[in-house]
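These numbers come from the heavy atoms of this one structure, side chains and all, not from hydrogens, waters or symmetry mates. Below, read A as the first sequence line, B as the second, and so on, with proteins coming before strands; counting in each chain starts at 1.
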Amino acid sequence: MSNLLEVRDLSKRFTSAGGPFRKARSMHAVNGVTFDLPKGRVIGVVGESGCGKSTLARLILRLIEPSGGGVNFDGDDLLAKTPGQMRKLRARMQMVFQDPYSAIDPRYTLTRAVAEPFEVQGVTPAKPMAEEVADLLEMVGLNPGLATSYPHQISGGQKQRVGIARALALRPSLLVLDEPTASLDVSVQAQIIGLLEDLRAELGLTYLFISHDLSLVKYFCDEILVMYLGRVVEALPDTSAPARHPYTRTLMESTFEPDPKKRRLIAPLEGEVPSPFDLPPGCAFADRCPKASALCRSETPELSADNGHAVACHHPI
Amino acid sequence: MLSVRDLGVAFGSVQPLSGVSFTVSPGETLGIVGESGSGKSLTAMSVMGLLPLIGGRITGGTVEFDGADVTKLPERAYRKLRGGKIGLITQNPMTSLDPLQKIGPQVDDVAKLHMGMTGAEARARTVEILGTLRIPEPALICDRYPHQMSGGMKQRIVIAMALAADPDVLIADEPTTALDVTVQAQIIRLLDDLVKERNLALVLITHDMSVVAQTCDKIVVMYAGRAVEHGPVEAIFDRPRHPYTQALIACIPRGLDDATRLTGIEGTVPTVLNYPKGCPFHPRCPRAEAICAVEPPEFSVEGDSAAACHFAEVAHVQPA
């Protein structure tokens with residue numbers, strides 16, 4: 001199986017502007033992320049707010065410029081491309097955003113919203129545009145009769161379907177899904193996830209699925225990357241692999257089962273995610289970790305693999 | 001302790017809520033679940049006597065607190081109850097706190113107002129409560145502003161405010177929806193402990209069936225402004241009898257041992273202006289028949305639970 005996407009040591013450092021009373025500070029939003037995404041697979045990236053998962057998504061599509069590392073998409077080194085070349089390539093790598101309410105221009109009819117990618121790319125579809133749009137709407141389970149509606153006339157779930165139709169318009173091979181269901185009701189979330197499963201099978205798509213919801217990621221993805229403060233702390237080769245990093249275990253224990261017979265004793269994980277600015281040396285999770293030792297506070301653990309299951313921890317479980 | 005019977009709410013001629021009933025006793029957690037737009041928050045606002053603020057009124061039914069109907073209480077008397085005997089925790093801790101005031105005075109105000117404490121007494125109480133909520137260095141926190149704190153910490157402060165006057169009933173409206181999973185787990189654990197330690201009656205409003213399964217003793221499932229099923233939590237999860245409850249449970253991804261495909265529910269929650277006739281769920285229901293579009297179903301009782309469905313007797317026999 002060949003890799004559609006190869007991410008190597010990808011990093012992004014943001015620096016806050018200094019002022020007369022404040023020194024400029026910098027933070028590593030994404031720090032040395034490396035992984036391969038084979039064609040046709042679904043990799044889930046899971047973590048809490050501020051862990052860098054959305055920044056990672058944007059770096060991969062080069063919507064923001066990385067500070068270091070490389071991204072290889074289907075044999076092309078993305079960082080070597082000019083903006084013009086990037087734009088052409090993006091026809092094959094598309095993104096679905098978290099908030100369908102702000103992803104579509106409120107003044108556009110659905111027809112225009114779905115046709116916009118063709119305009120931007122200067123591509124003339126094989127069929128007449130009206131037919132193409134109708135096909136796309138149907139593909140995402142929308143009634144083509146809605147084509148003349150405006151975004152405010154449809155529901156949140158329908159809007160997210162339009163967002164997916166736009167992303168699919170140019171027949172991409174990679175979809176980056178950034179929390180596509182986080183703003184939707186559970187019933188609608190289940191519809192959208194079902195749609196994404198069908199589309200993947202039908203069109204042979206490859207997904208990078210960003211989410212904070214571990215049970216959803218376990219349900220939907222083939223492999224899981226767990227991020228904490230900009231780093232991948234664990235790469236689970238399949239969704240049944242037991243957690244080896246204490247943070248992953250905490251995440252799993254914080255996720256409830258929809259079954260009153262499987263109540264959990266919630267282990268009180270102390271503290272919260274520290275500020276990403278001026279992190280102390282060593283493992284970023286050390287202050288909250290029950291297994292932390294002196295080594296963890298001085299030396300950052302590297303991600304090292306054992307049978308394809310990589311973990312960045314000095315004392316893995 | 002708190003008993004709501006056949007509650008109806010109207011805004012002008014529009015009736016978004018009708019026939020909602022539940023009771024909750026000390027030491028007990030009741031979950032109210034449903035999709036957005038099903039009337040969960042409106043139920044909370046009715047119980048808190050806040051409807052006049054948004055132009056609504058109670059058109060029927062009773063809200064009994066400690067045996068006395070409070071729906072007819074004048075606003076002055078309600079003020080003693082609200083924040084005093086009944087505490088409210090809202091969804092968004094960012095908007096529940098005054099951004100211009102330090103944490104300490106905001107929490108102090110509750111005890112001053114409801115318990116007639118002096119400033120020093122109230123502060124001592126604030127520090128004590130913050131301590132029981134496992135907030136590190138409570139005395140220092142009192143001098144902080146809300147923007148200096150994380151979301152989870154702010155939600156704890158909101159809980160502290162709700163607890164400051166030592167209420168008997170706590171209403172928590174989506175208390176963890178805005179929080180990360182590990183913080184959600186901490187807050188849920190905290191609420192659980194409070195119910196046990198203080199013998200509180202907790203009404204937990206949520207859209208998340210997994211949170212309900214984890215914490216509640218009994219649940220009310222709401223759809224389109226009506227209660228459609230209620231009962232003990234084990235019974236409802238074991239044998240959900242209303243197709244809407246079944247569908248809600250089927251929407252949640254389970255662990256790996258269950259490879260069932262997520263199905264979702266076709267269509268969307270109707271808006272209050274076009275609630276369907278008959279059973280409100282019939283346009284989205286896989287099991288609907290002619291009668292469902294005409295006649296509103298009565299509750300069919302089985303043990304301690306009840307479902308408002310014409311086919312409740314046979315519903316659970318079908319594969320979920």
Legend entry - Residue pair B:Val181, A:Leu214: steps toward the side-chain contact (heavy atoms from CB on, under 4.5 Å) verdict: CA-CA 9 Å; B:Val181 279; A:Leu214 189 60; over 6 Å; no
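- Only the side chain of B:Asp238 comes within contact range of chain A, judged by heavy atoms closer than 4.5 Å.
- Only the side chain of A:Ile193 comes within contact range of chain B, judged by heavy atoms closer than 4.5 Å.
- With respect to chain B, the highest number of heavy-atom pairs below 4.5 Å among A:Lys261, A:Gln189, A:Gln158 belongs to A:Lys261.
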Inset, instruction - Given side-chain contact (heavy atoms from CB on, under 4.5 Å), test A:Ser254 with B:Gln186 step by step and report yes or no. - result: CA-CA 8 Å; A:Ser254 303; B:Gln186 291 171 21; over 6 Å; no
Inset, instruction - Run the numbers on B:Ser210 and A:Glu257 for side chain to side chain donor-acceptor pair (under 3.5 Å), then give the verdict. - result: CA-CA 5 Å; B:Ser210 339; A:Glu257 293 271 341; over 6 Å; no
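- Taking the side chain as every heavy atom from C-beta outward, B:Asp208 and A:Val186 never approach each other to under 4.5 Å.
- Each of B:Thr215, B:Leu190, B:Val212 has some count of heavy-atom pairs under 4.5 Å with chain A, and the biggest count is that of B:Thr215.
- Here the side chains of A:Pro258 and B:Gln214 are not in contact, with every heavy-atom distance at 4.5 Å or above.
- Between chain B and the residues A:Gly194, A:Gly157, A:Gly141, A:Ser49, the most heavy-atom pairs under 4.5 angstrom are made by A:Ser49.
- The parts of B:Ser36 that come within reach of chain A are both its backbone and its side chain, each placing non-hydrogen atoms under 4.5 angstrom from that chain.
- The distance from atom CE of B:Met209 to atom CG of A:Asp259, rounded to the nearest 0.5 Å, is 12.0 Å.
- Your options are B:Ala247, B:Cys216, B:Pro136, and the one with the most heavy-atom pairs under 4.5 Å with chain A is B:Cys216.
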